[in-house]
K.L.:
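If you scroll down you'll find the structure; I have some questions about it.
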Amino acid sequence: MSQISLTFPDGNARDYPAGTTPAQVAESISKSLAKAAISATVNGAHWDLQWPIDADAEIAINTMKDDGPACELIRHDLAHIMARAVQELWPEVQVTIGPVIENGWYYDFDRAEPFTPDDLGAIEKKMKEIINARDAVRTEVWTREEAILHYRRAHEPYKVELVEAIPEGQPIRMYWHGDWQDLCRGPHLQHTGQVPADAFKLMKVAGAYWRGDSSRPQLQRIYGVAFRTRDELKAHLTFLEEAEKRDHRRLGREMKLFHFQEEAPGMVFWHPDGWTVYRQMEDYMRRRLSKAGYKEIKTPQVVDRKLWEASGHWDKYHENMFITEIDEEHANEKRMNALKPMNCPCHVQIFNQGLKSYRDLPLRLAEFGSCHRYEPHGALHGLMRVRGFTQDDAHIFCTEDQIESECAAFIELLSDIYRDTGFASFDIKLSTRPEVRVGSDEIWDKAEAALENAILKVRNDYEVDPGEGAFYGPKLDFKLTDAIGREWQCGTFQADFNMPERLDANYIGPDGEKHRPVMLHRAILGSFERFIGILIENYSGRLPFWLAPRQVVVASIVSEVDPYVEEVVSLLKAAGLRAEADTRNEKINYKVREHSVGKVPAILAIGQREAEDRTVTLRRLGEKETRVLSLDDIVATLAQEAVPPDLAG
RNA sequence: GCCGCAGUAGCUCAGUGGUAGAGCGCACCCUUGGUAAGGGUGAGGUCGGGAGUUCAAUCCUCCCCUGCGGCACCA
């Protein structure tokens with residue numbers, strides 16, 4: 001038998017017979033390592049201890065100390081253990097597929113009866129029994145025919161389909177825990193007892209389509225989370241609770257920012273404080289866009305179907321559009337209109353008014369475009385997914401040569417805005433040409449290169465998603481990261497070679513001939529509604545001072561000082577601050593608590609002392625300490641703080 | 001749109017086949033209190049909508065609406 005050389009992480013190499021498994025390698029090093037081993041990393045690939053190694057390789061033996069492999073194996077084994085538990089409890093249930101996901105795993109089952117919360121408890125109990133049984137994990141490679149035959153006999157049609165879908169040349173592996181077996185690419189642990197029995201939890205049951213296809217049967221998915229230790233699990237559950245506390249729907253209600261109601265699902269009722277936040281953002285964006293050379297416009301809400309047919313949206317999206325029909329009695333002709341679901345066709349109409357010269361380009365038309373889309377009702381989610389929303393939309397009409405500089409300027413603008421709103425880091429994804437597309441390869445080459453070069457002016461790291469561009473042009477997506485590490489896709493920049501063609505936009509070039517402009521669709525916030533939702537969650541409702549709907553509350557301690565309180569409030573208001581008085585017959589403790597809960601960033605308490613000295617006592621949100629300041633000082637300090645970031649020197 | 005769960009006072013929730021309850025909030029009264037809930041009294045509910053079963057439905061059944069968790073979708 002031939003020898004192979006295995007190189008360890010410390011650089012030492014040893015010879016082994018070809019076909020040696022990592023388990024044998026571990027055994028050759030020490031008994032304790034053999035016992036602690038969970039998997040190996042072979043030439044960078046995650047490798048089962050039972051898989052033979054046939055050639056020279058770099059190898060590392062993994063134990064539970066290796067975070068990445070450990071969590072992956074624990075979650076993956078738990079997926080199998082759960083499937084086994086379910087089949088032991090309900091033998092008629094069909095198992096389908098169960099991958100590892102962030103923080104855990106899920107497994108999809110086909111079962112006539114829905115799983116109940118009680119069922120989850122029973123499954124969890126059964127899983128612990130399986131773990132405690134310390135069943136050895138065994139693996140074999142089967143032929144496709146064997147696997148298909150096996151699953152046909154077992155009446156597991158989903159598995160048959162999975163086996164059939166495994167690409168030629170890839171091994172078809174079976175794994176056993178005790179008597180239970182599952183198709184799996186592996187790797188897995190040595191035995192079920194290596195899974196920590198106290199560091200996982202079944203979370204919820206949900207419907208999910210087989211293979212993600214809504215035309216196929218719907219299965220029942222059970223989600224679980226798992227970690228290496230009980231403490232890690234606890235920390236994760238605490239994180240989920242924290243995330244729930246910053247849910248913008250709850251904070252929106254508590255802070256009296258907005259509400260929704262049955263009569264207008266997916267449409268926001270903005271309350272005074274919520275609308276204040278909205279207006280601050282809108283004013284801020286207006287200044288930013290204006291400074292960046294955009295011209296603001298406003299286009300109609302209700303537009304004849306003909307325009308949507310011309311733009312091509314009717315064909316594809318009319319089921320998702322709000323349609324209006326005029327009562328025939330009152331209309332001199334019957335017309336079918338749609339609430340605009342997007343702004344671009346209207347922007348082209350403005351571009352098309354009058355002859356445009358190449359000297360007019362790039363023409364940047366911005367609109368806070370109020371759009372309506374009939375979103376499927378299961379998709380609605382607070383401010384994050386609504387049916388009526390306002391995009392910070394703009395379209396740049398330019399030449400092919402201008403794409404790069406426009407894109408670079410856009411990325412710079414977007415960075416500034418994300419930084420100002422508290423999002424220091426964001427990711428960029430470039431989506432390139434799909435199979436089905438309009439436009440020549442030349443223009444795609446040029447546009448893709450333009451977007452890529454524009455990114456490179458700012459940074460080196462970005463993701464490429466090949467083939468994921470729109471049929472009408474390549475695009476960039478921008479994902480920002482919030483305070484608790486969640487990512488939100490907000491910004492987008494899309495080149496469009498199609499719309500100008502469809503709606504016959506053109507300009508006169510230096511050659512005196514007509515040319516097609518390229519249209520760049522772009523948004524930074526995405527929609528004001530959603531972005532404000534993200535802001536609320538990012539800050540847990542404690543919005544930065546310039547955005548806070550109520551910036552200062554001046555609270556009286558005794559009613560004798562009410563006139564002075566009013567005086568302070570009017571001074572603050574005169575300085576442009578959003579201030580209000582709280583002279584209610586309540587104790588200062590009560591007022592401080594209430595305004596703290598209401599996330600007011602500055603509370604000024606006024607008692608006899610302050611009234612006599614003409615001072616205020618400032619208490620910042622979240623701080624216990626108070627500070628006595630003169631009237632002039634407090635007005636100057638807060639007024640300074642209230643200056644929006646783009647205006648601050 | 002699909003699967004599952006839910007809808008009782010402004011909010012959070014309890015409850016029952018015989019037309020309902022708590023805490024907070026709200027109103028009024030007492031209290032003028034120095035930095036995260038002072039005390040008392042009171043008002044407030046077609047029990048999501050419709051139909052059915054029943055002598056009787058908030059409760060049981062069916063349909064619809066809305067919300068929640070996923071899935072699918074997101075120009």
Side-chain angles (χ1 to χ4, degrees), chain A residues 106 108 110-111 113-117 119 203-223 244 247 249-250 253-254 256 259-266 308 311-321 340-345 371 373-382 384-387 389 391 393 470-472 475 489 492 494 496 498-499 521 526-527 530 555-562 583-598 603-610 617-628:
Chain A
Y106 66 76
D108 288 346
D110 190 1
R111 180 189 186 217
E113 298 294 306
F115 289 109
T116 66
D119 291 342
M203 300 298 282
K204 57 197 168 204
V205 190
Y209 298 108
W210 170 235
R211 314 213 103 189
D213 182 343
S214 59
S215 67
R216 310 205 61 186
Q218 189 152 33
L219 307 168
Q220 293 187 62
R221 174 171 298 177
I222 302 179
Y223 285 91
E244 203 180 317
D247 189 317
R249 293 167 298 186
R250 167 195 177 130
R253 191 173 51 236
E254 286 172 4
K256 301 188 172 71
H259 86 273
F260 292 90
Q261 67 185 49
E262 272 193 37
E263 288 79 357
W308 307 113
S311 70
H313 291 106
W314 184 267
D315 222 23
K316 221 173 158 192
Y317 293 109
H318 79 272
E319 283 184 355
N320 300 307
M321 290 163 78
K340 72 172 167 187
M342 55 180 353
N343 308 299
C344 31
C371 297
R373 294 179 186 173
Y374 186 77
E375 301 286 4
H377 101 273
L380 302 179
H381 182 92
M384 302 303 187
R385 188 81 181 267
V386 286
R387 285 180 178 161
F389 56 94
Q391 295 175 318
D393 202 6
F471 75 90
Y472 50 76
K475 64 169 180 174
Q489 202 240 294
T492 182
Q494 308 187 8
D496 188 341
N498 181 240
M499 191 72 58
H521 307 255
S527 87
R530 180 160 172 273
S556 60
I557 296 170
V558 292
S559 53
E560 280 83 69
V561 302
D562 288 359
T583 54
R584 292 173 304 167
N585 175 15
E586 294 292 351
K587 292 197 170 186
I588 191 65
N589 290 2
Y590 184 90
K591 295 181 183 180
V592 166
R593 176 183 153 78
E594 187 171 285
H595 300 305
S596 299
V597 169
I603 300 171
L604 304 185
I606 307 275
Q608 294 290 6
R609 289 203 298 269
E610 288 82 359
T617 299
L618 166 68
R619 177 174 165 141
R620 298 273 185 178
L621 178 59
E623 289 177 14
K624 274 208 108 54
E625 305 78 52
T626 59
R627 218 149 57 91
V628 179

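Reckoned from all heavy atoms, side chains included, excluding hydrogens, waters and symmetry mates. Here is the naming used below: chain letters follow the sequence lines, and residue numbers restart at 1 for every chain.
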K.L.:
In whole angstroms, how far is the P atom of B:A37 from the NZ atom of A:Lys587?
P.N.:
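Whole-Å distance recorded here is 11 Å.
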
K.L.:
Using the test salt bridge (Lys or Arg N to Asp or Glu O under 4.0 Å), find all partners of A:Arg627 that sit at least two apart in sequence or belong to another chain.
P.N.:
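Here no residue qualifies.
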
K.L.:
A:His595 has an atom NE2; how far is it from atom P of B:U35, in whole Å?
P.N.:
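The answer, rounded to whole Å, is 16 Å.
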
K.L.:
Starting at atom CE of A:Met321, determine the distance to atom C1' of B:C73, rounded to an integer number of angstrom.
P.N.:
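It works out to 17 Å between those atoms.
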
K.L.:
Could you tell me the separation between the NZ atom of A:Lys591 and the P atom of B:G33, rounded to a whole number of Å?
P.N.:
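My rounded result for the distance is 12 Å.
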
K.L.:
If the C1' atom of B:U54 is compared with that of B:U19, how far apart are they to the nearest Å?
P.N.:
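Comparing C1' positions in B:U54 and B:U19 gives a spacing of 15 Å.
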
K.L.:
Okay, side chain of A:Lys591, backbone of A:Ser556: is any donor-acceptor separation there less than 3.5 Å?
P.N.:
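Pair found, side chain donor or acceptor close to backbone of A:Ser556.
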
K.L.:
Name all residues meeting the side chain to side chain contact (heavy atoms under 4.5 Å, CB included) criterion together with A:Arg620; count only those two or more places apart in sequence or in a different chain, and write none if there are none.
P.N.:
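Result, side chain to side chain contact (heavy atoms under 4.5 Å, CB included) vs A:Arg620: A:Leu618, A:Glu623, A:Thr637, A:Leu638, A:Glu641.
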
K.L.:
Is there a side-chain contact between A:Ser559 and A:Thr583, using heavy atoms and a 4.5 Å cut-off?
P.N.:
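In short, these two side chains do not touch, never coming nearer than 4.5 Å.
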
K.L.:
Without decimals, in angstroms, what is the distance between A:Arg373 CZ and B:C74 C1'?
P.N.:
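Roughly 7 Å, once rounded to whole Å.
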
K.L.:
Indicate, with a heavy-atom threshold strictly under 4.0 Å, whether A:Thr617 touches base, sugar-phosphate, or nothing.
P.N.:
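Touches a base.
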
K.L.:
Look at atom CD of A:Gln261 and say whether more than 12 heavy atoms of other residues, nucleotides or ligands are closer to it than 6.0 Å.
P.N.:
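Enclosed.
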
K.L.:
Run the side chain to side chain contact (heavy atoms under 4.5 Å, CB included) check on A:Leu380 and A:Phe260 step by step: do they pass?
P.N.:
CA-CA 11 Å; A:Leu380 302 179; A:Phe260 292 90; over 6 Å; no

K.L.:
Can you tell me how far C1' in B:C29 sits from the matching atom in B:A14, rounded to whole Å?
P.N.:
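So the two C1' atoms sit 30 Å from each other.
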
K.L.:
For A:Gln220 and for A:Arg609, locate the closest nucleotide of RNA chain B by heavy-atom distance; then report the residue assigned to the nucleotide nearer the 5' terminus.
P.N.:
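In this pair, the answer is A:Gln220.
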
K.L.:
Mind checking what makes side chain to side chain contact (heavy atoms under 4.5 Å, CB included) contact with A:Arg373, not counting sequence neighbours?
P.N.:
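Once residues adjacent in sequence are excluded, the partners of A:Arg373 under the side chain to side chain contact (heavy atoms under 4.5 Å, CB included) criterion are A:Pro341, A:Met342, A:Glu375, A:Phe389, A:Gln391.
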
K.L.:
Can you list everything that forms a side chain to side chain donor-acceptor pair (under 3.5 Å) with A:Tyr209? Sequence neighbours excluded, please.
P.N.:
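Result, side chain to side chain donor-acceptor pair (under 3.5 Å) vs A:Tyr209: none returned.
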
K.L.:
What is the nucleic acid contact for A:Arg253, judged by heavy atoms within less than 4.0 Å: base, sugar-phosphate only, or nothing?
P.N.:
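Since only primed, P, OP1 and OP2 atoms lie under 4.0 Å of A:Arg253, the category is sugar-phosphate.
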
K.L.:
Suppose you measure atom C1' in B:C13 against the same atom in B:A20; what distance do you get, rounded to whole Å?
P.N.:
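Each nucleotide's C1' atom is 14 Å from the other's.
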
K.L.:
Of the nucleotides B:A75, B:A37, B:U32, which one has an atom closest to the side chain of A:Glu560?
P.N.:
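It is B:U32.
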
K.L.:
Encode nucleotides 65-72 of chain B as B, S and - characters from 5' to 3', where the letter depends on protein heavy atoms closer than 4.0 Å: B to the base, S only to sugar-phosphate, - to neither.
P.N.:
SSSSBBBB

K.L.:
What integer number of Å spans the P atoms of B:C68 and B:C28?
P.N.:
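It works out to 35 Å between them.
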
K.L.:
Going by side chain to side chain donor-acceptor pair (under 3.5 Å), name the residues that satisfy it together with A:Gln220, two or more places apart in sequence or in a different chain.
P.N.:
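Expected list: none.
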
K.L.:
Atom CD of A:Glu113 to atom C1' of B:C5: distance rounded to whole Å?
P.N.:
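For the pair A:Glu113 CD and B:C5 C1', the rounded distance is 16 Å.
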
K.L.:
What pairs of nitrogen or oxygen atoms, one from the protein and one from nucleotides 23-26 of chain B, lie under 3.5 Å apart?
P.N.:
unit_1	atom_1	unit_2	atom_2	d
B:G25	OP1	A:Tyr590	OH	3.2

K.L.:
Enumerate, in order of first residue number, the stems that involve RNA chain B, defined as 3 or more consecutive Watson-Crick or G-U wobble pairs with both distances under 3.5 Å.
P.N.:
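Result, WC/G-U stems under 3.5 Å: B:1-7 with B:65-71, B:10-13 with B:21-24, B:26-30 with B:38-42, B:48-52 with B:60-64.
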
K.L.:
Between B:U8 and B:C59, how far apart are the C1' atoms? Round to whole Å, please.
P.N.:
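11 Å, rounded to whole Å.
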
K.L.:
Tell me every residue that passes side chain to side chain donor-acceptor pair (under 3.5 Å) with A:Arg584, counting only those two or more places apart in sequence or in another chain.
P.N.:
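Only A:Asp582, A:Glu594 meet the side chain to side chain donor-acceptor pair (under 3.5 Å) criterion with A:Arg584.
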
K.L.:
If you take atom types as modelled and just measure distance, does the side chain of A:Thr626 reach the base of B:U35 with a donor-acceptor pair under 3.5 Å?
P.N.:
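When only heavy-atom distances are counted, A:Thr626 does not reach the base of B:U35 through any donor-acceptor pair under 3.5 Å.
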
K.L.:
Can you tell me if the side-chain N/O atoms of A:Lys624 get under 4.0 Å from OP1 or OP2 in B:A36?
P.N.:
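True: A:Lys624 side-chain N/O within range (under 4.0 Å) of B:A36 OP1/OP2.
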
K.L.:
Rounded off to whole Å, could you give me the CZ-to-C1' distance for the A:Arg111 and B:G4 pair?
P.N.:
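The answer, rounded to whole Å, is 13 Å.
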
K.L.:
Got a sec, which residues hit side chain to side chain contact (heavy atoms under 4.5 Å, CB included) with A:His381, two or more places apart in sequence or on another chain?
P.N.:
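A:His381: side chain to side chain contact (heavy atoms under 4.5 Å, CB included) contacts with A:His248, A:Arg249, A:Met384, A:Arg385.
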
K.L.:
Only counting residues at least two apart or in another chain, list the ones meeting salt bridge (Lys or Arg N to Asp or Glu O under 4.0 Å) with A:Asp393.
P.N.:
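Not a single residue meets the salt bridge (Lys or Arg N to Asp or Glu O under 4.0 Å) criterion with A:Asp393.
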
K.L.:
What's the NZ-C1' distance between A:Lys256 and B:C11, to the nearest Å?
P.N.:
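The answer, rounded to whole Å, is 10 Å.
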
K.L.:
Roughly how far apart, to the nearest Å, are B:A57 and B:G15 at atom P?
P.N.:
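The answer is 23 Å between these two P atoms.
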
K.L.:
If you find the nucleotide of RNA chain B closest to A:Cys344 and the one closest to A:Pro114, which residue's nucleotide is nearer the 5' end?
P.N.:
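The residue closer to the strand's 5' end, by nearest nucleotide, is A:Pro114.
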
K.L.:
Do A:Tyr317 and the base of B:A75 stack face to face, with centres under 5.5 Å apart and an angle between planes under 30°?
P.N.:
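Yes; centroid distance and tilt both under limits.
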
K.L.:
With a 3.5 Å distance limit and no angle check, can you tell me whether A:Thr116 reaches the backbone of A:Asp119 through a side-chain donor-acceptor pair?
P.N.:
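Checking the backbone N and O of A:Asp119 against the side chain of A:Thr116, a donor-acceptor pair under 3.5 Å is found.
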
K.L.:
What's the gap between B:A27 and B:A36 when it is taken at their P atoms, as a whole Å value?
P.N.:
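B:A27 and B:A36 have their P atoms separated by 23 Å.
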
K.L.:
Counting heavy atoms from C-beta on, name the nucleotide in B:A36, B:G34, B:G33 closest to the side chain of A:Arg619.
P.N.:
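Taking heavy atoms from C-beta onward, the closest nucleotide is B:A36.
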
K.L.:
Take atom C1' in B:U32 and the same atom in B:C26, then report the distance between them in whole Å.
P.N.:
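One C1' to the other, the span is 22 Å.
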
K.L.:
Check side chain to side chain donor-acceptor pair (under 3.5 Å) between A:Ser311 and all other residues, then give those that pass, not counting sequence neighbours.
P.N.:
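With neighbours one apart ignored, the set is A:His313.
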
